[in-house]
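The block underneath contains the structure these notes are about, expressed in structure tokens.
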Amino acid sequence: MSRQEQNDRHIIWSDLNLDLDDWRESLEELYPNYPEDELYDIMVKSNAENLYDERVNLDIQLSQPIIVIGDLGRWNGRVSGYKMIDSGNIKDCLYSDTDYTEWYVDKYGDLRADAVHHDGTNHYLYRVFKDGVTDTQIENLQDKIYNRKATRADITRVTKRLGDDIAGVYGFSIPKQRQPNEQAR
């Protein structure tokens with residue numbers, strides 16, 4: 001990943017590219033004279049425990065369900081899909097059944113994830129439905145996603161980003177969203 005890409009994201013949690021050298025000083029202080037392979041195992045376990053902490057940090061209940069829009073890497077090519085997180089709680093976004101995952105807020109304030117598995121990489125976009133959206137509007141968006149016809153405008157018409165709530169927890173800033181009357185200018 002380039003330095004610009006790193007600056008364009010606020011990483012919430014990741015097990016991509018874990019590097020023992022990044023953890024070595026604190027681990028060797030706690031576990032002096034442990035062999036390299038044991039330090040590595042402790043790093044992996046500690047990092048996994050940190051994911052639980054992030055779920056606690058992001059226990060934020062929203063008023064509507066969250067939709068996860070996926071660009072999925074499969075053995076036979078890329079496909080689109082979606083999943084609903086009916087709880088509407090941001091902490092429930094931080095679950096994965098892939099080999100490695102990184103959750104982050106991008107420069108646009110969207111919660112995203114890159115999830116690596118044996119067939120490729122999945123890219124997820126998490127959005128919450130706006131208050132007042134009808135079941136028909138939700139179904140129309142789902143159909144467009146499934147048929148690879150959903151545009152950014154289709155998505156933002158009925159959903160909003162999660163980054164504002166997340167940035168409030170971690171204290172980082174993201175650009176303000178334009179209001180509907182500003183978009184028309």
Side-chain angles (χ1 to χ4, degrees), residues 1-31 39-72 81-117 121-131 133 138 152 155-156 158-179:
M1 175 182 331
S2 73
R3 185 174 300 278
Q4 181 61 38
E5 287 174 317
Q6 289 174 342
N7 292 337
D8 289 345
R9 60 176 65 187
H10 299 277
I11 296 173
I12 305 303
W13 184 89
S14 179
D15 62 357
L16 292 177
N17 305 314
L18 285 179
D19 186 348
L20 183 56
D21 288 335
D22 295 338
W23 293 65
R24 184 176 307 282
E25 185 176 332
S26 62
L27 288 178
E28 286 179 345
E29 186 176 308
L30 293 169
Y31 307 97
L39 288 175
Y40 184 85
D41 291 343
I42 293 168
M43 173 191 68
V44 170
K45 183 179 177 193
S46 296
N47 191 59
E49 290 169 357
N50 291 343
L51 179 55
Y52 173 81
D53 294 338
E54 300 312 334
R55 289 182 185 127
V56 170
N57 291 340
L58 294 177
D59 186 3
I60 302 169
Q61 185 61 53
L62 304 172
S63 63
Q64 297 295 324
I66 296 168
I67 187 168
V68 185
I69 302 168
D71 174 21
L72 311 173
Y82 66 87
K83 176 182 174 182
M84 299 298 294
I85 300 177
D86 293 324
S87 70
N89 196 305
I90 295 176
K91 73 177 180 183
D92 295 332
C93 298
L94 301 182
Y95 288 91
S96 177
D97 59 359
T98 57
D99 299 326
Y100 305 99
T101 307
E102 180 170 275
W103 284 278
Y104 59 95
V105 175
D106 70 10
K107 65 183 178 181
Y108 303 109
D110 281 319
L111 176 61
R112 294 185 173 271
D114 297 329
V116 178
H117 54 91
T121 302
N122 298 342
H123 304 285
Y124 302 121
L125 168 64
Y126 301 82
R127 303 276 298 189
V128 63
F129 285 101
K130 293 177 180 175
D131 290 332
V133 170
I138 292 171
R152 181 76 180 175
I155 295 166
T156 59
V158 296
T159 66
K160 60 184 182 177
R161 67 189 190 179
L162 299 174
D164 299 292
D165 291 308
I166 297 168
V169 170
Y170 295 107
F172 60 82
S173 62
I174 50 177
K176 297 230 182 272
Q177 283 186 293
R178 293 187 302 181
Q179 299 303 314

Min side-chain heavy-atom separation [X]-[Y] under 4.5 Å:
X: Leu20; Y: Leu27; answer: yes
X: Arg55; Y: Leu51; answer: yes
X: Arg127; Y: Ile67; answer: yes
X: Arg9; Y: Asp114; answer: yes
X: Leu125; Y: Arg152; answer: yes
X: Leu162; Y: Leu62; answer: yes
X: Asp164; Y: Ile174; answer: yes
X: Asn47; Y: Trp23; answer: yes

Look at atom [atom1] of [X] and say whether more than 12 heavy atoms of other residues, nucleotides or ligands are closer to it than 6.0 Å.
X: Lys130; atom1: NZ; result: yes
X: Glu49; atom1: CD; result: yes
X: Gln61; atom1: CD; result: yes
X: Asp131; atom1: CG; result: yes

Is there a side-chain contact (heavy atoms from CB on, under 4.5 Å) between Trp103 and Ser96? Walk through the geometry before answering. CA-CA 10 Å; Trp103 284 278; Ser96 177; 3.9 Å; yes
At their closest point, which heavy atom of [X] faces which heavy atom of [Y], and how far apart are they?
X: Tyr124; Y: Ala115; result: CE1-CB, 3.7 Å
X: Leu18; Y: Ser14; result: CD2-O, 4.1 Å
X: Thr101; Y: Ala113; result: CG2-CB, 4.3 Å

As an exercise, state the distance from [atom1] of [X] to [atom2] of [Y], rounded to the nearest 0.5 Å.
X: Ile90; Y: Leu111; atom1: CD1; atom2: CG; answer: 7.5 Å
X: Leu39; Y: Glu28; atom1: CG; atom2: CD; answer: 6.0 Å
X: Tyr82; Y: Ile69; atom1: OH; atom2: CD1; answer: 11.0 Å
X: Asn50; Y: Lys45; atom1: CG; atom2: NZ; answer: 12.5 Å
X: Lys83; Y: Tyr126; atom1: NZ; atom2: OH; answer: 8.0 Å
X: Lys91; Y: Ile60; atom1: NZ; atom2: CD1; answer: 11.0 Å

side-chain contact (heavy atoms from CB on, under 4.5 Å) partners of Tyr170, counting only residues at least two apart: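 Residues passing side-chain contact (heavy atoms from CB on, under 4.5 Å) with Tyr170: Ile12, Glu54, Asn57, Leu58, Ile166, Phe172.
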Those residues that, when tested against Asp106, pass side-chain contact (heavy atoms from CB on, under 4.5 Å) (two or more places apart):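 Counting only residues at least two positions away or on another chain, Asp106 forms a side-chain contact (heavy atoms from CB on, under 4.5 Å) with Tyr104, Tyr108, Asp110, Arg112.
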Verify side-chain contact (heavy atoms from CB on, under 4.5 Å) between Met84 and Phe129, making sure each step is shown before the conclusion. CA-CA 10 Å; Met84 299 298 294; Phe129 285 101; 3.3 Å; yes
What do the steps show when you test Val116 against Thr98 for side-chain contact (heavy atoms from CB on, under 4.5 Å), and what is the final call? CA-CA 6 Å; Val116 178; Thr98 57; over 6 Å; no
Step by step, would you call Ile42 with Tyr31 a side-chain contact (heavy atoms from CB on, under 4.5 Å)? CA-CA 9 Å; Ile42 293 168; Tyr31 307 97; 3.7 Å; yes
